[in-house]
Protein chains: 2
Amino acid sequence: MARRTKADAKATREALLDAAEELFFQRGVACSSLEQIARHASMTRGAVYWHFRNKADLFTAMIERVRMPFHELVSEASAAHPHTSPLAAIQLGCEYGFQRLEKPRYMRVHAIVVHRCEVFSDIDPREIQNTMVRDCFNALKDYLEDASQQGLLKPDIDPLTAALLLQAVLSGIFHNWLRDPQAHSIYEQGSKLVKAQLALISLKPLS
Amino acid sequence: MARRTKADAKATREALLDAAEELFFQRGVACSSLEQIARHASMTRGAVYWHFRNKADLFTAMIERVRMPFHELVSEASAAHPHTSPLAAIQLGCEYGFQRLEKPRYMRVHAIVVHRCEVFSDIDPREIQNTMVRDCFNALKDYLEDASQQGLLKPDIDPLTAALLLQAVLSGIFHNWLRDPQAHSIYEQGSKLVKAQLALISLKPLS
DNA sequence: GCTTTTACATTCAGTGTTGTATGCAAGGAC
DNA sequence: GTCCTTGCATACAACACTGAATGTAAAAGC
């Protein structure tokens, strides 16, 4: 068959990643063979082995397309809404994150990492999740310590516990939604619950 | 080889489940073959196929050994601590649950369901988790509605939202711990956070 | 315009796994 | 004591998947 131009090759790579995403999501990582993935992208396994070393390499490349560190979300949010309090920044960052998660690609890949893959070769999905969670928690802690120093928090709760609770709430919202994404909008449900939780720990009602 | 008595057969079955538990936990469900499981229990695949129809059947049998409905935890707890308020019942039920999770068997099996298995044949780990979560949430909602009617909750939070938040907190605690069970005790961390969250929603300080 | 890469397709060998079929020795009921 | 059944072990057939080797035609470089 005809060889493709450099741009075509890039498109092929993306198509393979798309196909992997769909099949991993539908049948799970272990149950999706490279042959099936290639066929789903109208290619052969040769193409897969050209662009990726093996299944694990393909997998990590797929993950790379959907990274979203919390501080990125917040700075993106605060670009649109400047001069906000730490608590409002958290609320906005979460809402931006929830909105991203509703995009099919983000939903699918996160669903794959959480529910459709297990340890294989040198990939451990828990580590992937751990880095995401740690990043999020550290950001929350920073914002809540800021809020505490500005006297925005109720005096009977320390910022560390507040961060732990809020991070747990976020984790819960995330996992509850991901277990059945069709059931409800994580943006609506999540925003509501984050707001409620922030109201519980903040001294004054949120703006 | 010698045929075993009925009690021996039962022991064999348990040994196979134990072996599956260990291997699933170590290498993941997909990466553990029935041959490996049988060998790990000093048996052959014939024993596996005698006691279980296939891998999926073995898997569900393994799950069956660690079920713990929330109301069971609470009734077990309130047998030891009678005449408690709904909020204290929640606290106690959670603590009993956390303590169970720290037992190796419970920890391993839950870790397997959450992190070491994906959809295979007709098994969907999400459904298993969904039933657990729904059961827990319904129980929480009942207790919190009781608490609300007894005037124990802050007036600015409705029992439904409180239940959603608390369930999210529990989910978060669970997943955060399960991602790295060695890092901390879920009993200590979880009890602390549940207490803090209950304090946030309750009108008076908890006894 | 020629050569060298690139971007795949095709083929092949090897391995691991599943399900089933069969064998067999001891248990259990009478 | 016998006969059927149980509780496995062993053997077999079929398949699916991986990784690597090889083939190849067109793009890129000069």
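Quick note on labels: first sequence line is chain A, next is B, and so on, each numbered from 1. Only this structure's heavy atoms are used, side chains among them; waters, hydrogens and symmetry mates stay out.
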A.B. asks: Check every atom of dG7(D), dA9(D), dT18(C) against the side chain of K6(B) and return the nucleotide holding the closest atom.
C.D. replies: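 Nearest to the side-chain atoms of K6(B), counting from C-beta on, is dG7(D).
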A.B. asks: With R27(A) as reference, evaluate Q36(A), R116(A), E22(A) under the side chain to side chain contact (heavy atoms under 4.5 Å, CB included) test and give the passing residue.
C.D. replies: Q36(A)
A.B. asks: Kindly state each residue pair satisfying ring pair (Phe, Tyr, Trp, His ring centres under 6.0 Å) with at least one member in residues 100-131 of chain A, sequence neighbours excluded.
C.D. replies: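 For residues 100-131 of chain A, and leaving out neighbouring residues, the ring pair (Phe, Tyr, Trp, His ring centres under 6.0 Å) pairs sorted by first residue read F59(A)-F120(A), H110(A)-F174(A).
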A.B. asks: Determine whether the side chains of E95(A) and Q91(A) contain a donor N or O and an acceptor N or O closer than 3.5 Å.
C.D. replies: yes
A.B. asks: dT20(C) P sits how many Å from F52(B) CZ, rounded?
C.D. replies: 17 Å
A.B. asks: For the side chain of S78(B) and the backbone of V74(B), is there at least one donor-acceptor N/O pair under 3.5 Å apart?
C.D. replies: yes
A.B. asks: Ignoring backbone atoms, test whether Y49(B) places a side-chain nitrogen or oxygen under 4.0 Å from the OP1 or OP2 oxygen of dG19(C).
C.D. replies: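 Y49(B) to dG19(C) OP1/OP2: side-chain N or O found under 4.0 Å.
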A.B. asks: Quick one: what's the B/S/- string for nucleotides 12-17 of chain D, heavy-atom cutoff under 4.0 Å, read 5' to 3'?
C.D. replies: -----S
A.B. asks: Is the distance from OP1 or OP2 of dC8(C) to the nearest side-chain N or O of W50(A) less than 4.0 Å?
C.D. replies: no
A.B. asks: Ring pair (Phe, Tyr, Trp, His ring centres under 6.0 Å): which pairs involve residues 13-57 of chain B, sequence neighbours left out?
C.D. replies: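 Pairs touching residues 13-57 of chain B that pass the test: none.
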A.B. asks: What is the separation between atom CE on M43(B) and atom P on dT10(D), rounded to the nearest whole Å?
C.D. replies: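 Answer to the nearest Å: 12 Å.
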A.B. asks: Using whole Å, what does the distance between atom P of nucleotide dA27(D) and atom NZ of K10(A) come to?
C.D. replies: 20 Å
A.B. asks: Any salt bridge (charged side-chain N to carboxylate O under 4.0 Å, His left out) pairs touching residues 33-54 of chain A, not counting sequence neighbours?
C.D. replies: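 The answer is E35(A)-R39(A), R53(A)-D57(A).
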A.B. asks: Is there a side-chain contact between T12(A) and the phosphate of dC8(C), meaning an N or O under 4.0 Å from OP1 or OP2?
C.D. replies: yes
A.B. asks: Heavy atoms, side chains only, cut-off 4.5 Å: are K55(B) and V48(B) in contact?
C.D. replies: no
A.B. asks: Please state whether the phosphate of dG7(D), meaning OP1 or OP2, lies under 4.0 angstrom from any side-chain nitrogen or oxygen of H51(B).
C.D. replies: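 No.
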A.B. asks: Please report, rounded to the nearest Å, how far the P atom of dG16(C) is from the CZ atom of R27(B).
C.D. replies: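 So the CZ-P distance, R27(B) to dG16(C), works out to 13 Å.
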A.B. asks: Bend across the helix from dG1(C)-dC30(D) to dC30(C)-dG1(D), to 10°, with axes taken over 5 pairs at each end?
C.D. replies: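 Angle reported: 30°, given to the nearest ten degrees.
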A.B. asks: Working note: R100(A) + E76(A), criterion salt bridge (Lys or Arg N to Asp or Glu O under 4.0 Å); need CA distance, chi angles, decisive distance, verdict.
C.D. replies: CA-CA 12 Å; R100(A) 280 230 202 145; E76(A) 190 179 316; 3.0 Å; yes
A.B. asks: Within residues 56-64 of chain A, which residues have any heavy atom lying less than 4.0 Å from an atom of DNA chain D?
C.D. replies: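 When residues 56-64 of chain A is checked for heavy atoms under 4.0 Å from DNA chain D, there are no hits whatsoever.
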A.B. asks: Does D18(A) pair with R65(A) as a salt bridge, N-O distance under 4.0 Å?
C.D. replies: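 Result for this pair is yes, salt bridge flagged.
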A.B. asks: For the backbone of V29(B) and the side chain of E118(A), can you confirm whether one donor and one acceptor N or O come within less than 3.5 Å of each other?
C.D. replies: yes
A.B. asks: Taking atom C1' of dT17(C) as reference, at what distance in whole Å does atom CG of L23(B) sit?
C.D. replies: 15 Å
A.B. asks: Given atom CD of E14(B) and atom C1' of dG7(D), what is their separation to the nearest angstrom?
C.D. replies: 16 Å
A.B. asks: Kindly say whether L153(A) contributes a backbone atom to a donor-acceptor pair with the side chain of S202(A) at under 3.5 angstrom?
C.D. replies: no
